[in-house]
Amino acid sequence: MAFRLVLPQCEQTPTCVNHPPESEKPLRIQVMGDNKDLNNLFDDGTKMPTPKSSMDKAKEFIKPGLELARMTFRLLYGRDPDPGNPSDMVPRHQYDIWRGATADRVLLPEPILEGYAITFDHLLGPDDEDDPETLMLNIVDPNEPPIADLITVDKSPYISKSEPVLLLVPRCCQVRKGTTDRRRINREIREANLPEEVRFKRLEEEARAYEEKLARKSKAQASSNVV
């Protein structure tokens with residue numbers, strides 16, 4: 001039996017403006033989940049693909065990924081995407097999540113496939129392309145304490161019910177604040193179609209800038225300790 005995907009009520013005071021968002025608000029939306037949970041969402045037995053390695057990337061959007069985006073859209077806006085409006089839901093980027101690897105680098109000898117993320121745009125125009133507002137959502141099993149403890153919504157209505165559910169949780173109701181979500185998600189879109197050599201050069205530049213920032217911080221800390 002497929003699990004039901006539920007968008008819990010926002011428990012922030014005041015409630016977050018994007019939980020749920022206004023239907024006419026331009027927004028870039030990313031939804032992410034573990035594959036073991038995503039596999040439980042589909043009535044027809046569809047399963048998430050299993051790439052052979054962290055460098056094995058699908059050239060087109062996968063069917064379960066697009067269905068995940070549609071499920072998310074329906075819960076956020078209370079309707080299906082409008083086929084008569086080309087900008088209503090536009091898939092932009094997808095990637096697999098590996099433990100022991102990033103999108104561009106293998107960090108462990110045998111990375112383990114863990115999850116999947118897909119990003120889609122809602123009502124974004126050419127002027128909104130570079131740095132639109134973003135909404136990050138994670139799919140969480142309320143019956144799994146290590147993961148469920150990372151969200152702040154009341155889980156009791158969803159635990160150990162006869163109908164199994166998964167929660168679609170916006171960042172506002174998670175322990176993690178997501179202060180870099182907007183920058184990260186928009187950068188992923190900008191860099192998705194860049195040549196490999198350009199992406200690697202940018203990663204090296206960012207890594208060097210980060211190391212320099214840490215060095216300056218360490219130097220400043222050492223100076224303050226002397227004083």
Side-chain angles (χ1 to χ4, degrees), residues 4-34 37-38 41-42 48 57-58 60-97 103 115-140 147 150-153 165-194 199 202:
R4 183 166 61 95
L5 189 59
V6 175
L7 177 68
Q9 289 186 344
C10 185
E11 297 183 3
Q12 302 300 309
T13 305
T15 57
C16 177
V17 295
N18 287 332
H19 187 171
E22 295 181 358
S23 60
E24 300 305 315
K25 180 180 184 178
L27 200 60
R28 177 164 285 161
I29 300 166
Q30 183 173 93
V31 55
M32 177 185 298
D34 287 348
D37 293 327
L38 300 182
L41 287 175
F42 308 110
M48 300 299 294
K57 299 178 176 63
E60 297 182 356
F61 287 99
I62 60 174
K63 177 182 175 182
L66 292 174
E67 181 56 30
L68 173 62
R70 285 189 286 267
M71 287 181 182
T72 301
F73 188 99
R74 283 193 291 268
L75 285 175
L76 291 177
Y77 298 109
R79 61 176 178 83
D80 288 320
D82 181 3
N85 183 350
S87 68
D88 202 27
M89 192 193 87
V90 183
R92 296 300 307 274
H93 184 49
Q94 66 177 354
Y95 60 92
D96 294 303
I97 301 166
Y116 171 85
I118 185 167
T119 305
F120 62 91
D121 290 349
H122 174 61
L123 301 181
L124 292 185
D127 294 339
D128 305 312
E129 175 63 25
D130 188 52
D131 185 36
E133 186 175 350
T134 62
L135 171 60
M136 178 70 214
L137 306 110
N138 288 83
I139 293 177
V140 176
I147 302 299
L150 299 178
I151 63 176
T152 59
V153 297
V165 302
L166 293 169
L167 302 182
L168 180 68
V169 186
R171 184 69 87 197
C172 62
C173 287
Q174 299 181 26
V175 173
R176 182 179 176 184
K177 300 306 180 184
T179 54
T180 62
D181 284 345
R182 181 169 182 166
R183 181 177 61 187
R184 174 184 60 79
I185 293 170
N186 287 326
R187 184 183 66 184
E188 290 170 356
I189 298 297
R190 289 193 298 271
E191 297 184 351
N193 297 316
L194 290 176
R199 289 198 291 124
R202 290 191 178 183

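In this structure Leu66 satisfies the side-chain contact (heavy atoms from CB on, under 4.5 Å) test together with Phe61, Arg70, Pro91, Ile118, sequence neighbours excluded. Remark: Gln174 pairs with Asn138, Arg171 by the side chain to side chain donor-acceptor pair (under 3.5 Å) rule, at least two apart or across chains. Not counting sequence neighbours, the partners of Arg182 by the salt bridge (Lys or Arg N to Asp or Glu O under 4.0 Å) test are Asp131. Every residue meeting the side-chain contact (heavy atoms from CB on, under 4.5 Å) condition with Asp130, not counting sequence neighbours, appears here in chain and number order: Arg190.
Across Gly33 and Leu38, no two heavy atoms sit closer than the pair O-CD1, 3.8 Å. Heavy atoms only, all atoms of each residue included: Glu60 and Gln94 are closest at O-NE2, 2.8 Å. Nearest heavy atoms, Asp88 versus Asp80: OD2-O, 4.3 Å.
Expressed to the nearest 0.5 Å, how far CG of Leu76 lies from CG of Leu27 amounts to 8.5 Å. Atoms CG and CD1, from Asp37 and Ile147 in turn, are 8.5 Å apart once rounded to the nearest 0.5 Å. For the atom pair CG of Leu5 and CG of Leu168, the computed distance is 5.0 Å after rounding to the nearest 0.5 Å. Once rounded to the nearest 0.5 Å, the distance linking CE of Met48 with CG of Leu68 reads 7.0 Å.
Between the side chain of Glu188 and the main chain of His93, no donor-acceptor pair closer than 3.5 Å is present. In this structure, the side chain of Thr152 does not engage the main chain of Val175 through any donor-acceptor pair within 3.5 Å.
Here the side chains of Ile151 and Cys173 are not in contact, with every heavy-atom distance at 4.5 Å or above. Proximity of Tyr116 to Asp96: side-chain heavy atoms (C-beta onward) are separated by under 4.5 Å at one or more points. In this structure, the side chains of Leu124 and Val90 stay at 4.5 Å or more apart for every pair of heavy atoms. Under the 4.5 Å side-chain criterion, counting only non-hydrogen atoms from C-beta, Ile189 is not in contact with Asp121. Under the 4.5 Å side-chain criterion, counting only non-hydrogen atoms from C-beta, Asn85 is in contact with Leu123. Arg28 places a side-chain heavy atom less than 4.5 Å from the side chain of Asn186.
For CZ of Arg183, the number of neighbouring non-hydrogen atoms (other residues, nucleotides, ligands) closer than 6.0 Å is 12 at most. Counting heavy atoms of neighbouring residues, nucleotides and ligands inside a 6.0 Å radius, atom CD of Gln9 does not exceed 12 of them. With a 6.0 Å radius and a threshold of 12 heavy atoms from other residues, nucleotides or ligands, Arg176 has its CZ atom at or below the threshold.
Residues in residues 65-90 take part in these ring-ring contact (aromatic ring centres under 6.0 Å, His included) pairs, two or more places apart or across chains: Phe73-Tyr77, Phe73-His122, Tyr77-His122.
The side chain to side chain donor-acceptor pair (under 3.5 Å) test with Gln30 singles out one residue from Asp181, Thr134, Thr119, and that residue is Thr119.
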Sequence neighbours excluded and cut-off under 3.5 Å, please list the side-chain donor-acceptor pairs for residues 15-23, or say none.
| residue | atom | partner | partner atom | Å |
| --- | --- | --- | --- | --- |
| Asn18 | OD1 | Lys25 | NZ | 2.9 |
| Asn18 | ND2 | Glu133 | OE2 | 2.8 |
| His19 | NE2 | Pro8 | O | 2.6 |

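A salt bridge is defined here as a Lys NZ or Arg NE, NH1 or NH2 lying under 4.0 Å from an Asp or Glu carboxylate O, and Glu67 with Lys63 fails to meet this definition.
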